[in-house]
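Computed from heavy atoms alone, side chains included, the values below leave out hydrogens, waters and symmetry copies. The chain is numbered in sequence order, starting from 1. Each ligand, and each atom within it, is numbered from 1 in the order the structure gives.
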Amino acid sequence: MTARLVCLPGDGIGPEVLNAALRVLEAVSYHFNLDVVTEHAEIGGAAIDACGTPLPNKTAALCEQADAILLGAVGGPKWNALKAEKRPERGLLDLRYRLNLFGNLRPIHPVPGTTQSSPIQPEILDGVDMLIVRELSSGIYFGERVYQPTFAYDTAAYTADEISRVVRLAARFAQQRHCSLTLVDKANVLATSRLWRNVATRIMKAEFPEVALDCMLVDAAAMQIISNPSRFDVIVTDNLFGDILSDSAAVLTGSLGLLPSASLSEAKAALYEPVHGSAPDLAGRQCANPVGMIRSVALMLRYSLNAPDAASSLEEAVNSVLRDGPRTPDLAGKGESVTTTDELADHIINQFRSKKDVRTPAHAPGTDTQ
Ligand code: IPM
Ligand code: MG
């Protein structure tokens with residue numbers, strides 16, 4: 001069966017990291033006999049420039065038909081003066097909303113070769129392997145918003161159904177992992193958080209009795225993620241807290257550029273994107289780390305293309321290159337030579353092939369670097 005993949009490069013380093021990741025995908029699909037066709041479309045600032053809107057109808061329609069979507073990044077200084085509803089970020093938010101991408105998986109698992117770039121002590125990083133499940137299509141990101149020169153508000157609202165579906169998703173992952181789920185909220189202040197707590201407690205007791213649920217206030221969780229991260233298995237939290245906590249958790253891994261994400265819905269639609277942003281200062285210089293995007297491809301292989309072996313082989317190749325080098329500037333130590341975005345992808349491709357008894361096509365990407 002042919003998988004239809006829609007690629008949305010977006011802005012800043014988005015096109016570079018996506019391009020590198022697509023070459024890796026080509027090598028992996030060749031080896032695993034996966035039939036993937038790709039189509040490119042515009043989103044974010046690139047779409048504003050081309051069509052005057054951050055999510056053109058054509059892009060949304062293509063994404064609705066796709067088996068999976070790969071997105072680079074959106075945003076940049078060029079569009080900073082625009083009003084919130086016209087900004088590049090709006091394109092991504094509208095896409096998440098339209099496709100009902102309510103469950104955002106952000107795995108955080110420091111690996112050898114990168115943790116020396118983390119400011120956190122090595123013994124604290126020992127055994128860290130957490131999955132942040134962020135609610136992605138509701139909450140304060142999508143509530144009523146008013147901005148006036150002397151007055152403004154944003155609204156955070158959740159229904160019990162919106163909470164239930166993401167709690168169930170997180171609980172199913174916890175079942176397959178270490179059977180521990182932490183709900184992060186601000187139930188001592190917020191009404192939405194109290195609803196989250198009630199709904200989560202009820203569901204976990206009735207449907208997932210083998211998974212231990214603990215509830216933690218977000219301020220305490222922010223501290224624990226940095227000071228005692230190995231205590232977490234699966235975290236489930238709302239849209240805003242999930243956004244903030246996943247960037248802080250990235251500190252544990254050594255670079256924000258390493259983190260992938262998968263955004264899932266109840267239907268077929270799924271979007272895969274790195275956790276990092278468009279990093280305009282790095283754009284066009286071939287110095288961005290493509291690993292967050294490449295690991296997002298691995299998540300796509302696992303969750304959308306039903307190719308878990310391909311996903312694991314790719315992740316092993318990534319981890320082995322991260323361990324032995326070469327490294328992009330975000331991870332290179334003092335005096336260590338640095339590699340480019342494309343070269344790193346080539347090293348991953350070569351590593352992947354060397355571990356497989358791989359058929360190498362004549363036009364294979366990455367064969368010219370070693
Ligand atoms: C993320 C990003 C987005 C978000 C931005 C680009 C709108 O920070 O995916 O974490 O806040 O969700
Ligand atoms: Mg973010």
Side-chain angles (χ1 to χ4, degrees), residues 8-15 17-18 42-48 53-55 59 63 69-80 82-108 130-143 145 154-156 158 162 166 184 218 221-222 225 235-253 255-265 269-283 288-289 292-293 295-296 299-300:
L8 308 174
D11 311 316
I13 58 170
V17 294
L18 182 57
E42 272 138 3
I43 193 163
I48 295 174
T53 167
L55 181 64
T59 299
C63 291
I69 303 156
L70 283 178
L71 183 137
V74 293
K78 184 174 176 193
W79 308 280
N80 270 353
L82 297 174
K83 283 191 176 155
E85 66 276 14
K86 305 251 184 237
R87 289 172 63 98
E89 290 80 358
R90 195 69 244 167
L92 175 57
L93 298 178
D94 285 351
L95 189 60
R96 290 172 178 172
Y97 187 79
R98 263 178 93 146
L99 297 180
N100 228 331
L101 301 170
F102 69 88
N104 180 228
L105 313 179
R106 299 189 162 187
I108 289 122
M130 73 174 97
L131 174 66
I132 297 181
V133 180
R134 168 187 175 192
E135 199 291 325
L136 199 66
S137 58
S138 184
I140 201 161
Y141 273 65
F142 297 99
R145 226 180 285 294
D154 300 276
T155 320
Y158 271 107
E162 288 167 340
V166 73
V184 173
V218 63
I225 282 177
I235 289 175
V236 65
T237 191
D238 77 13
N239 205 340
L240 182 62
F241 297 155
D243 178 49
I244 298 165
L245 294 181
S246 53
D247 270 31
S248 355
V251 171
L252 306 168
T253 68
S255 170
L256 183 57
L258 295 170
L259 294 196
S261 86
S263 304
L264 308 178
S265 68
L271 181 147
Y272 300 86
E273 57 173 323
V275 171
H276 65 70
S278 62
D281 49 324
L282 305 184
N289 191 333
M293 187 81 242
R295 282 177 163 165
S296 300
L299 295 181
M300 176 189 78

Calculate, to the nearest 0.5 Å, the distance between atoms [atom1] and [atom2] belonging to [X] and [Y] respectively.
X	Y	atom1	atom2	value
I13	H276	CD1	NE2	4.0 Å
S263	L105	OG	CG	7.5 Å
L258	L252	CG	CG	11.5 Å

Check ligand 1 for close polar pairs with the protein: N or O on both sides, less than 3.5 Å.
unit_1, atom_1, unit_2, atom_2, d
ligand 1, 8 (O), D243, OD1, 3.2
ligand 1, 9 (O), R96, NH2, 2.8
ligand 1, 9 (O), R106, NH2, 2.9
ligand 1, 10 (O), R106, NH1, 3.2
ligand 1, 10 (O), R106, NH2, 3.1
ligand 1, 10 (O), R134, NH1, 3.3
ligand 1, 10 (O), D243, OD1, 2.8
ligand 1, 11 (O), Y141, OH, 2.6
ligand 1, 12 (O), R96, NH1, 2.7
ligand 1, 12 (O), R134, NH1, 3.3
ligand 1, 12 (O), R134, NH2, 2.8

* Asked: Under 2.8 Å from the Mg ion (ligand 2), protein N/O/S atom count?
  -> 1
* Side-chain donor or acceptor of R134 paired with backbone N/O of F241 under 3.5 Å ->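 A pair under 3.5 Å: no.
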* Asked: Sub-3.5 Å donor-acceptor pair from the side chain of N104 to the main-chain atoms of L136, do we have one?
  -> no
* Pairing residues for S138 by the side chain to side chain contact (heavy atoms under 4.5 Å, CB included) criterion, not counting sequence neighbours -> E135, Y158, E162
* Structure fact -> side chain to side chain donor-acceptor pair (under 3.5 Å) filter on T237, not counting sequence neighbours, yields none
* With a 4.5 Å limit on heavy-atom distance, are the side chains of S246 and L259 in contact? ->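 Not touching, per the 4.5 Å side-chain cut-off.
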* Asked: Do NZ/NE/NH1/NH2 and the carboxylate oxygens of R90 and D94 come within less than 4.0 Å?
  ->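 Salt bridge between R90 and D94, a charged N being under 4.0 Å from a carboxylate O: yes.
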